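Working notes, structure below.
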Amino acid sequence: MKIKRRNFIQYVSLAGLSVPYILPSRVSGDTAPSKKITLGFIGVGYQGIQRNLKSFLNEQDCHVISVCDAFMNKAQEAKKLVDETYGTTDCKAFQDFREIIHDASIDAVVISTPDHWHVPMSIMAMEAGKDVFCEKPTLNINEGRELVNVCKKHNAIFQAGIEDRSSIHFHKMVEWVKNGEIGELERVNVTLPAGSDFALESPEAPPADLDWNLWQGPAASSEYSKNRTGFWQWRNINMYSKGALLDMGTHLVDTAQIGINDPDVCPVEVSGTGDIPVDRMSDVPVKFDLNYRYGNGTELHVKNGPKGGWDPDGCSLEYIGSKGWIRRKTWSAGLEASDKNILRKRYAEGESLHWPLPPGEHRDFLDGVKARKNPIYPAIDMHHMSTMLHMGVICIQLGRKLHWDTQGESFVDDQEANNLRQGPAPRDWQKAS
């Protein structure tokens with residue numbers, strides 16, 4: 001679907017921004033395969049630079065033209081990297097992400113912010129006629145559905161920034177399970193790193209290079225403290241993220257859910273326990289032990305390991321079937337099986353019941369933009385993945401078993417749980433800026 005030029009200009013005018021007299025190429029119809037896809041980056045911290053920016057800079061059919069971060073020094077560091085890569089000084093560095101959202105010369109945005117900004121920024125970008133590559137997960141269940149609806153409305157290409165579906169190890173595990181090498185799948189066990197319990201801090205003035213209002217965005221206003229925006233700290237603060245269960249769960253539990261292969265995708269029941277700190281900076285589940293049941297009868301057990309943070313040895317994935325099992329004991333370990341012959345199994349073209357191994361998520365996104373087709377991890381998949389993990393968080397918050405209506409996307413006969421499908425009303429951050 002093409003957006004009329006008049007409607008697009010009206011939209012950005014309402015946002016209070018001037019706009020060049022050109023449109024993004026996918027809106028204007030210029031989608032020639034030979035054209036380089038122009039990219040703008042929002043959020044250039046560790047993930048934004050080390051994983052996303054460096055990967056896209058290695059691709060020859062895209063061009064990074066601007067970068068942005070609420071920490072202006074990070075934006076400047078990213079600009080330096082882009083300029084050094086291209087041998088120019090052309091890359092623009094901004095502190096306000098709206099400069100990128102409403103730059104009509106940009107075809108697609110890459111969003112690597114804290115979780116509370118993922119969906120709002122993605123929606124703004126798609127409404128401005130752009131495609132989106134965005135880190136996972138969503139902040140709550142309802143906004144995931146809104147993301148899917150907006151993506152469909154604007155025929156936008158959306159790719160979640162998750163590499164696991166392009167990992168040969170995880171891909172082969174799913175392929176063997178789907179093709180019945182361990183018989184009928186009965187149970188999947190997943191271990192994730194625990195969350196981190198951070199103490200409250202005394203408020204202080206934000207750093208001079210930080211736009212604290214923009215960093216907070218739609219989240220409730222809070223006083224700045226020294227480590228509040230730290231790599232692990234914000235992930236354990238409820239208004240910005242939902243902790244390790246969502247942060248790491250969207251990796252290993254995604255692979256588990258693909259192998260479970262339920263037609264309704266999400267489970268119909270969740271029960272279990274967890275630990276949410278009180279009077280601490282961390283106010284999300286830092287420990288969890290959850291059991292999910294899917295409509296096809298498969299069970300999934302998700303628990304935390306002994307260590308918090310990014311602990312590769314604290315991750316594991318195991319499929320158990322009626323005839324055997326397959327597992328990966330750590331994030332980087334090799335594969336094991338009840339019968340080593342399973343690990344040697346290969347399929348001729350057209351035989352496998354699993355999709356072919358896709359390219360890396362960055363390459364896959366660019367291919368999707370050029371061909372106007374969904375990449376391997378579209379918005380609906382991120383919504384389903386986040387939904388089942390949010391179900392676990394809500395189960396821990398309420399301390400009881402919950403039943404889920406997969407078609408209506410709501411908890412069965414539980415208004416208190418349904419109220420938690422969405423967060424508090426967003427703060428009017430634009431008025432505050």
Side-chain angles (χ1 to χ4, degrees), residues 39-59 64 66-85 91 93-95 97 100 109-118 121-122 132-139 159-164 166-167 192-196 198 206-207 209-212 214-217 219 224-237 240-252 281-282 284 307-315 331-332 360-362 365 377 382:
L39 301 177
F41 279 70
I42 302 174
V44 283
Y46 180 85
Q47 184 75 5
I49 287 184
Q50 299 301 323
R51 180 72 190 174
N52 295 331
L53 181 55
K54 288 186 176 180
S55 293
F56 278 114
L57 286 174
N58 284 328
E59 301 293 343
V64 180
S66 58
V67 294
C68 170
D69 201 284
F71 283 93
M72 193 60 196
N73 69 327
K74 293 183 180 180
Q76 294 290 356
E77 291 173 3
K79 168 184 165 55
K80 181 180 178 181
L81 174 61
V82 175
D83 287 342
E84 288 176 349
T85 300
C91 182
F94 299 112
Q95 192 166 36
F97 74 94
I100 288 180
V109 299
V110 180
I111 299 170
S112 310
T113 63
D115 300 353
H116 69 291
W117 262 126
H118 289 169
M121 285 182 179
S122 293
V132 176
F133 180 103
C134 182
E135 283 299 319
K136 48 72 184 172
T138 65
L139 188 63
Q159 167 76 299
I162 303 179
E163 64 270 21
D164 304 64
S166 301
S167 165
L192 304 172
S196 300
F198 295 106
D209 75 313
L210 169 64
D211 188 324
W212 180 227
L214 275 179
W215 195 98
Q216 295 180 95
Y224 176 84
S225 63
K226 182 178 180 181
N227 294 305
R228 195 171 185 84
T229 62
F231 186 80
W232 293 117
Q233 280 84 347
W234 65 257
R235 286 173 167 81
N236 289 276
I237 300 175
Y240 311 136
S241 182
K242 294 296 181 287
L245 186 57
L246 268 291
D247 185 57
M248 289 303 301
T250 41
H251 289 280
L252 291 168
M281 181 188 293
S282 300
V284 298
K307 298 180 181 179
W310 173 243
D311 175 27
D313 293 334
C315 300
W331 182 272
S332 56
E361 71 271 26
H362 306 97
F365 174 66
Y377 209 115
M382 186 168 87

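Treat the numbers as computed from the prediction; the structure is a model and nothing was measured. Just so you know, these numbers use all the heavy atoms, side chains as well, and skip hydrogens, waters and symmetry mates.
Using the six-membered ring where Trp is involved, F56 and F133 have ring planes that are perpendicular, over 60° apart on the 30 and 60° scheme.
The shortest heavy-atom contact between Q159 and E361 is NE2-O, 3.2 Å. Contact between C315 and P193 at its shortest, heavy atoms only, is SG-CD, 3.6 Å. When all heavy atoms of I100 and F41 are compared, the pair lying nearest together is CD1-O, 3.3 Å. Here the closest heavy-atom approach between residue G243 and residue N236 is recorded as CA-OD1, 4.3 Å. Of all heavy-atom pairs between M72 and A93, the closest is CE-O, 3.5 Å. Between I162 and T250, the shortest heavy-atom distance links the atoms CD1-O, 3.7 Å.
No side-chain heavy atom of I111 sits less than 4.5 Å from a side-chain heavy atom of E135. Proximity of K79 to V44: side-chain heavy atoms (C-beta onward) are nowhere separated by under 4.5 Å. In this structure, W215 and F71 have side chains that are in contact, with non-hydrogen atoms separated by less than 4.5 Å. D247 places none of its side-chain heavy atoms less than 4.5 Å from the side chain of K242. Considering only heavy atoms from C-beta on, D115 comes within 4.5 Å of W234 through its side chain. Side-chain atoms of V284 and Y240, non-hydrogen and from C-beta on, never get closer than 4.5 Å to each other. By the 4.5 Å heavy-atom criterion applied to side chains, S112 and R51 are not counted as neighbours. Inter-residue side-chain proximity for F365 and H362 is flagged as unmet; no heavy-atom pair is nearer than 4.5 Å.
No hydrogens or angles considered: nothing links the side chains of K80 and Q76 as a donor-acceptor pair under 3.5 Å.
In terms of modelled atom types and a separation under 3.5 Å, the side chain of D211 and the main chain of L214 share a donor-acceptor contact. Side chain of D69 to backbone of K74: no donor-acceptor contact under 3.5 angstrom is found.
Within the model, atoms CD of E163 and OG of S55 stand 9.5 Å from one another, a figure rounded to the nearest 0.5 Å. With values rounded to the nearest 0.5 angstrom, S241 atom OG is found 10.5 Å from W232 atom CH2. The CE atom of M382 lies 6.0 Å from the OG atom of S122; values are rounded to the nearest 0.5 Å. Atom CG of L246 sits about 6.5 Å away from atom OG1 of T138, to the nearest 0.5 Å.
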* To do: Output, in order, the C-alpha distance, side-chain angles, deciding distance and verdict of side chain to side chain contact (heavy atoms under 4.5 Å, CB included) for I42 and F94.
  => CA-CA 9 Å; I42 302 174; F94 299 112; over 6 Å; no
* Take L139 and H118, measure what side chain to side chain contact (heavy atoms under 4.5 Å, CB included) needs, and give me the verdict at the end. => CA-CA 8 Å; L139 188 63; H118 289 169; over 6 Å; no
* Stepwise side chain to side chain contact (heavy atoms under 4.5 Å, CB included) check, K136 with Y377 -> CA-CA 10 Å; K136 48 72 184 172; Y377 209 115; over 6 Å; no
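If you look at W212 and Y224, their ring centroids are closer than 6.0 Å.
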